[in-house]
Chemist: 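Questions regarding the structure given below will be posed in turn.
The chain is numbered in sequence order, starting from 1.
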Amino acid sequence: MRSWVLITGASQGIGHEFAKLFAGEGHDLVLVARDQARLDQLAGELRERHGGKALVLAKDLGTITAAQEIFDELQREQIFVSVLVNNACLGFQGPFAGLDLPGHRRMMQVNMTTLVELTHLFLKPMRARHEGRILNVASIAAFQPGPYMALYYASKAFVYSFSCALSEELKGTGVTATVLNPGLTESQFHTRAGLKRPRDHRLMMSAEKVARIGYRAMMNGRPIVTCGWFNKALTTVAKALPTRVMAKITGAVNKGDKRN
């Protein structure tokens, strides 16, 4: 029996690759992002290639009603989500006080509040059916403070902590929660956040590879997965060094990485 998978941030990057991967594995999809045209194009390609269903929901996850609207619409359509992939996120670079407050609010809404609301709304019916999987995309940024991207790093620390706690709570329920920690990934995130790409592209993973790592971990019920040996090494160092030292290192990197 085919199951429904809901993917946020599905129009590009890691979310786009998740959509292709799940469709190829025989799942029906609910694709969520702001860009209606990109979603329609992706849905059409996936239907043609794999023959499954792909429902497009063009929603701005930065609004306070988005999560409830998505849930209510799927309830009306009698679509019962078995897999939830909370992939959408925002990031801005610059000194905290120098960035506008509406942007901060929007980032918190997308990265944390809407993620929590979607998880809460879809988790209840999953638990009632005793089956389901939740994948939350955090980042290796979760493991240290990030001056000049302070709120983004903090939001990823929230996602990481929340997901780890949720995974423990769900043991024995038939539902699992997995947190995925990518590092530098080939996507549009760098452009939107105003970040330069590293000169050594070997340090960047493809979005496809990140999605495959997350998919395997989620299907195996793993609570935590970090992508690649280099990112695992970075998180090990971040855990070992004092927080104030990591803040200085990360701040120096982020301050010097701003586009001109």
Chemist: Compare all side-chain heavy atoms of V83 with those of F18 and state whether any distance is below 4.5 angstrom.
Modeler: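 With C-beta onward as the side chain, the pair stays apart.
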Chemist: Determine all donor-acceptor pairs shorter than 3.5 Å in which one atom belongs to a side chain in residues 45-55; sequence neighbours excluded.
Modeler:
{"from": "E45", "atom 1": "OE2", "to": "Q41", "atom 2": "NE2", "distance (Å)": "3.3"}
{"from": "R47", "atom 1": "NE", "to": "A54", "atom 2": "O", "distance (Å)": "3.4"}
{"from": "R47", "atom 1": "NH2", "to": "A54", "atom 2": "O", "distance (Å)": "2.5"}

Chemist: Tell me if the CZ atom of R129 is crowded by more than 12 foreign heavy atoms within 6.0 Å.
Modeler: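 Enclosed: over 12 neighbouring heavy atoms sit under 6.0 Å from CZ of R129.
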Chemist: If I compare all heavy atoms of V56 with all of Q36, which pair ends up nearest, and what's the gap?
Modeler: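 Residues V56 and Q36, closest heavy atoms: CG1-NE2, 3.6 Å.
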Chemist: What residues, two or more places apart in sequence or in another chain, satisfy salt bridge (Lys or Arg N to Asp or Glu O under 4.0 Å) together with D35?
Modeler: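 If we apply the salt bridge (Lys or Arg N to Asp or Glu O under 4.0 Å) test to D35, skipping adjacent residues, the hits are R38.
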Chemist: At what distance, to the nearest 0.5 angstrom, does CZ of R222 lie from OG1 of T178?
Modeler: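 If I round to the nearest 0.5 Å, the distance is 8.5 Å.
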Chemist: Can L90 be reached from Y148 by stepping across I, L, V, M, F, W or Y side chains whose heavy atoms are under 4.5 Å apart?
Modeler: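 In one cluster: no.
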Chemist: Share the residues that join I249 in a hydrophobic cluster, the rule being Ile, Leu, Val, Met, Phe, Trp or Tyr side chains under 4.5 Å apart at the heavy-atom level.
Modeler: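 Listed partners: V237, L241, V245, M246.
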Chemist: Any chance you could pull the hydrophobic cluster mates of L101, using side-chain heavy atoms under 4.5 angstrom and chaining through other members?
Modeler: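 Joined to L101, directly or through intermediates: none.
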Chemist: For residues 99-130, pull every pair meeting ring pair (Phe, Tyr, Trp, His ring centres under 6.0 Å), keeping only residues two or more places apart or in separate chains.
Modeler: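 Residue pairs with at least one partner in residues 99-130: F71-F122, F96-H104.
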Chemist: From E17 CD over to T185 OG1, what is the distance, rounded to the nearest 0.5 angstrom?
Modeler: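 Reported value, rounded in 0.5 Å steps: 11.0 Å.
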Chemist: Do M108 and L151 touch side chain to side chain, with heavy atoms closer than 4.5 Å?
Modeler: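 They are in contact (side-chain heavy atoms under 4.5 Å apart), so the answer is yes.
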Chemist: State, without any angle test, whether T235 and N181 hold a side-chain donor-acceptor pair at a distance under 3.5 Å.
Modeler: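 Short answer, no.
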Chemist: Donor-acceptor pair, distance only, cut-off 3.5 Å: does the side chain of Q68 make one with the backbone of I64?
Modeler: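 Answer holds: no.
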Chemist: When clusters are formed by joining ILVMFWY residues with side-chain heavy atoms under 4.5 Å apart, either directly or through shared neighbours, do W4 and F80 land in the same one?
Modeler: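 No; F80 is not reachable from W4 via cluster members.
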Chemist: Which donor-acceptor pairs under 3.5 Å do the side chains of residues 205-215 make with protein atoms, sequence neighbours left out?
Modeler:
{"from": "S206", "atom 1": "OG", "to": "K209", "atom 2": "N", "distance (Å)": "3.0"}

Chemist: If you apply the rule side chain to side chain contact (heavy atoms under 4.5 Å, CB included), what do you find for R105 with Q109, and how did you get there?
Modeler: CA-CA 6 Å; R105 289 197 191 103; Q109 183 69 43; over 6 Å; no
Chemist: What distance separates L184 CG from N231 CG, expressed to the nearest 0.5 Å?
Modeler: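 One gets 7.0 Å once the value is rounded to the nearest 0.5 Å.
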Chemist: Against S163, only a single residue in N136, T119, N86 fulfils side-chain hydrogen bond (donor to acceptor under 3.5 Å, both in side chains); can you say which?
Modeler: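 Of N136, T119, N86, side-chain hydrogen bond (donor to acceptor under 3.5 Å, both in side chains) with S163 is met by N136 alone.
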Chemist: Find out whether T114 and T8 are in side-chain contact, i.e. whether some heavy atom of one side chain is under 4.5 Å from a heavy atom of the other.
Modeler: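 SC-SC contact between T114 and T8 ruled out.
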Chemist: Is any side-chain heavy atom of D28 closer than 4.5 Å to a side-chain heavy atom of I79?
Modeler: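 Result no, sub-4.5 Å side-chain heavy-atom pair not found.
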Chemist: About how many Å separate CG of L57 and CG of L29, when rounded to the nearest 0.5 Å?
Modeler: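 The distance works out to 11.5 Å.
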Chemist: Going through the distances and angles, do N111 and F158 end up as a side chain to side chain contact (heavy atoms under 4.5 Å, CB included)?
Modeler: CA-CA 9 Å; N111 294 8; F158 172 89; over 6 Å; no
Chemist: Going by heavy atoms in the side chains, are F162 and V179 under 4.5 Å from each other?
Modeler: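 No, side chains not in contact.
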Chemist: Has K156 got a side-chain atom pairing as donor or acceptor with F143's backbone, closer than 3.5 angstrom?
Modeler: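 Here the side-chain-to-backbone pair does not exist.
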Chemist: Do L115 and F92 land in one hydrophobic cluster if side-chain heavy atoms of ILVMFWY residues count as linked below 4.5 Å?
Modeler: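 Yes; F92 is reachable from L115 via cluster members.
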Chemist: According to a 4.5 Å side-chain heavy-atom criterion applied to Ile, Leu, Val, Met, Phe, Trp and Tyr, with indirect links allowed, do L121 and I70 form part of one hydrophobic cluster?
Modeler: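 Per the 4.5 Å side-chain linkage, L121 and I70 are co-clustered.
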Chemist: With rounding to the nearest 0.5 Å, note down the distance linking CG in L31 to CG in D40.
Modeler: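 Result: 9.5 Å between the selected atoms.
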Chemist: Would you please test Y153 and N254 for side chain to side chain contact (heavy atoms under 4.5 Å, CB included) and show each step?
Modeler: CA-CA 11 Å; Y153 278 60; N254 288 342; 3.4 Å; yes
Chemist: Do M219 and R133 make a side-chain contact, defined as non-hydrogen atoms from C-beta onward lying under 4.5 Å apart?
Modeler: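 Touching, per the 4.5 Å side-chain cut-off.
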Chemist: Decide yes or no for C227 and L180: does some side-chain heavy atom of the first lie under 4.5 Å from some side-chain heavy atom of the second?
Modeler: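 Result yes, sub-4.5 Å side-chain heavy-atom pair found.
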Chemist: Any non-hydrogen side-chain atom of E131 less than 4.5 Å from a side-chain atom of S82?
Modeler: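 Of all side-chain heavy-atom pairs linking S82 with E131, at least one is under 4.5 Å.
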Chemist: Just verifying a value: how many Å separate R2 CZ and H27 NE2, rounded to the nearest 0.5 Å?
Modeler: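 Result: 8.5 Å between the selected atoms.
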Chemist: Test D60 against R106 for salt bridge (charged side-chain N to carboxylate O under 4.0 Å, His left out), laying out the working first.
Modeler: CA-CA 10 Å; D60 182 354; R106 182 174 178 77; 2.8 Å; yes
Chemist: Is the backbone of K232 close enough, under 3.5 Å, to the side chain of T236 for a donor and an acceptor to pair up by distance?
Modeler: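 Between the backbone of K232 and the side chain of T236 there is a qualifying donor-acceptor contact (under 3.5 Å).
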